[in-house]
Amino acid sequence: MSIVITGNPGVGKHTITEEIAKRMKLSIIDINEIAKNSGLFEKNGDTNEIDVEKLKDILKQKISEKNIIVGHLAPYVLRENQIKVMIVLRRSPYDLISVYKNREYSDNKIRENVGSEILGIIAHDAIYRFEDKVFQVNVSEKTILETTESVMDIISKKIGNEEVDWLELVGKNNDLGKFFVD
Ligand SMILES: Nc1ncnc2c1ncn2[C@@H]1O[C@H](COP(=O)(O)OP(=O)(O)OP(=O)(O)O)[C@@H](O)[C@H]1O
Ligand SMILES: [Mg+2]
């Protein structure tokens with residue numbers, strides 16, 4: 001059973017996965033890389049579509065005990081018995097916008113990904129499927145080191161879940177229009 005790091009693009013999955021892999025001497029299974037190397041990505045304009053069923057099969061063969069798995073698709077391509085713990089990194093939509101602008105994402109792609117983070121879609125879907133194996137960590141206002149420590153606590157002691165609700169924050173700031181209306 002593997003440790004899994006997931007969350008929207010730009011929340012810091014790979015940064016944190018590399019830190020944890022180093023500390024725990026685990027090898028990294030990168031879901032996107034596997035999908036890409038297996039020719040499962042189909043470019044569709046701005047977005048990539050993936051054959052999820054094929055990806056599930058390929059992953060089944062690659063997963064072993066000493067792995068840490070990373071990818072935003074994790075909640076959709078893994079099975080319960082493959083997972084020790086699934087950590088969803090959450091990042092403020094206000095911070096994510098600048099990450100995406102730096103990456104030169106299109107306005108559309110920014111809106112889609114920020115919207116997904118505000119609604120907490122990945123966290124919701126992960127909890128729906130994997131229930132108490134899922135923990136959230138709010139990386140905003142944490143350094144990379146602090147985030148790594150929080151994730152280590154979750155892995156070793158199963159403590160430190162953070163309830164994250166960006167929708168409430170965005171509503172309070174009167175910014176719903178900014179994120180959800182053209
Ligand atoms: N805990 C953190 N606090 C602040 N910045 C962070 C943190 N973790 C990562 N970052 C920074 O955020 C940016 C995005 O991180 P990273 O590339 O690891 O995200 P990702 O989730 O792997 O993205 P993708 O899904 O697109 O691969 C990087 O510039 C990284 O240095
Ligand atoms: Mg990455």
Side-chain angles (χ1 to χ4, degrees), residues 1-24 26 28-35 47-48 50 52 55-56 59 63 67-100 103 105 109-170 179:
M1 294 207 289
S2 301
I3 293 159
V4 184
I5 308 287
T6 190
N8 275 297
V11 294
K13 293 183 296 297
H14 285 89
T15 309
I16 300 306
T17 298
E18 277 161 30
E19 293 296 324
I20 302 290
K22 240 187 283 167
R23 288 191 189 202
M24 298 184 68
L26 300 170
I28 297 173
I29 293 187
D30 182 326
I31 294 175
N32 278 26
E33 208 153 276
I34 288 173
T47 54
N48 288 303
I50 288 193
V52 167
L55 187 50
K56 276 187 200 166
L59 282 166
I63 294 170
N67 288 143
I68 179 162
I69 302 175
V70 56
H72 70 287
L73 290 172
Y76 312 101
V77 295
L78 297 173
R79 295 198 340 221
E80 231 247 286
N81 63 5
Q82 296 169 316
I83 298 171
K84 198 180 296 166
V85 60
M86 180 175 282
I87 293 145
V88 187
L89 300 183
R90 305 295 309 275
R91 193 165 190 175
S92 156
Y94 299 98
D95 296 347
L96 272 186
I97 285 190
S98 30
V99 175
Y100 295 157
R103 291 181 176 188
Y105 281 12
K109 194 164 170 181
I110 292 178
R111 200 166 334 141
E112 214 175 274
N113 284 297
V114 172
S116 162
E117 179 60 25
I118 293 172
L119 297 174
I121 290 172
I122 292 182
H124 170 274
D125 292 349
I127 292 164
Y128 181 78
R129 287 200 61 203
F130 305 115
E131 301 177 354
D132 53 4
K133 288 189 176 181
V134 179
F135 291 78
Q136 299 182 69
V137 173
N138 178 357
V139 313
S140 294
E141 290 164 32
K142 280 192 188 68
T143 63
I144 290 170
L145 181 62
E146 286 166 341
T147 304
T148 306
E149 296 290 349
S150 295
V151 172
M152 287 298 295
D153 278 347
I154 290 170
I155 293 168
S156 57
K157 301 183 226 148
K158 300 274 160 68
I159 55 164
N161 177 56
E162 295 177 82
E163 295 297 337
V164 178
D165 186 358
W166 302 130
L167 196 52
E168 196 188 318
L169 174 71
V170 170
F179 291 114

Is the backbone of [Y] close enough, under 3.5 Å, to the side chain of [X] for a donor and an acceptor to pair up by distance?
X: R90; Y: G7; result: no
X: K13; Y: H72; result: no
X: S92; Y: S140; result: no

Atom [atom1] in [X], atom [atom2] in [Y]: separation rounded to 0.5 Å?
X: H14; Y: N32; atom1: NE2; atom2: CG; result: 6.5 Å
X: S2; Y: I28; atom1: OG; atom2: CD1; result: 12.5 Å
X: L26; Y: I155; atom1: CG; atom2: CD1; result: 7.5 Å
X: T147; Y: R91; atom1: OG1; atom2: CZ; result: 8.5 Å
X: L59; Y: I29; atom1: CG; atom2: CD1; result: 7.0 Å
X: M86; Y: I5; atom1: CE; atom2: CD1; result: 10.0 Å

Do [X] and [Y] come within less than 4.5 Å of each other through their side chains, counting heavy atoms only?
X: Q136; Y: E163; answer: yes
X: L96; Y: N113; answer: no
X: Y94; Y: W166; answer: no
X: L55; Y: I34; answer: yes
X: M152; Y: I20; answer: yes
X: V151; Y: L89; answer: yes
X: R23; Y: T148; answer: yes
X: I68; Y: M24; answer: no

Begin from the C-alpha positions of I63 and L78 and carry the test side-chain contact (heavy atoms from CB on, under 4.5 Å) through to its verdict.
CA-CA 10 Å; I63 294 170; L78 297 173; 3.7 Å; yes

For the residue pair [X] and [Y], what are the closest heavy atoms and their distance?
X: T6; Y: G71; answer: OG1-O, 2.7 Å
X: I154; Y: F135; answer: CG2-CG, 3.4 Å
X: P75; Y: F130; answer: O-CE1, 3.7 Å
X: Q82; Y: R79; answer: OE1-N, 2.6 Å
X: A74; Y: I31; answer: CA-CD1, 3.6 Å

Chi angles and distances behind the side-chain contact (heavy atoms from CB on, under 4.5 Å) call for Y76, I122:
CA-CA 9 Å; Y76 312 101; I122 292 182; 4.2 Å; yes

Could you please spell out the steps behind the side-chain contact (heavy atoms from CB on, under 4.5 Å) verdict for E131 and E80?
CA-CA 10 Å; E131 301 177 354; E80 231 247 286; over 6 Å; no

Test: E149 and K142 ion pair at under 4.0 Å:
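Salt bridge: no.
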
Establish, from distance only, whether the side-chain atoms of E162 and N138 form a donor-acceptor pair under 3.5 Å.
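Note: E162 and N138 side chains miss the donor-acceptor criterion.
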
Parallel, tilted or perpendicular: ring planes of Y100 versus Y105, cut at 30 and 60 degrees
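Judged by the thresholds at 30° and 60°, the geometry between Y100 and Y105 is parallel.
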
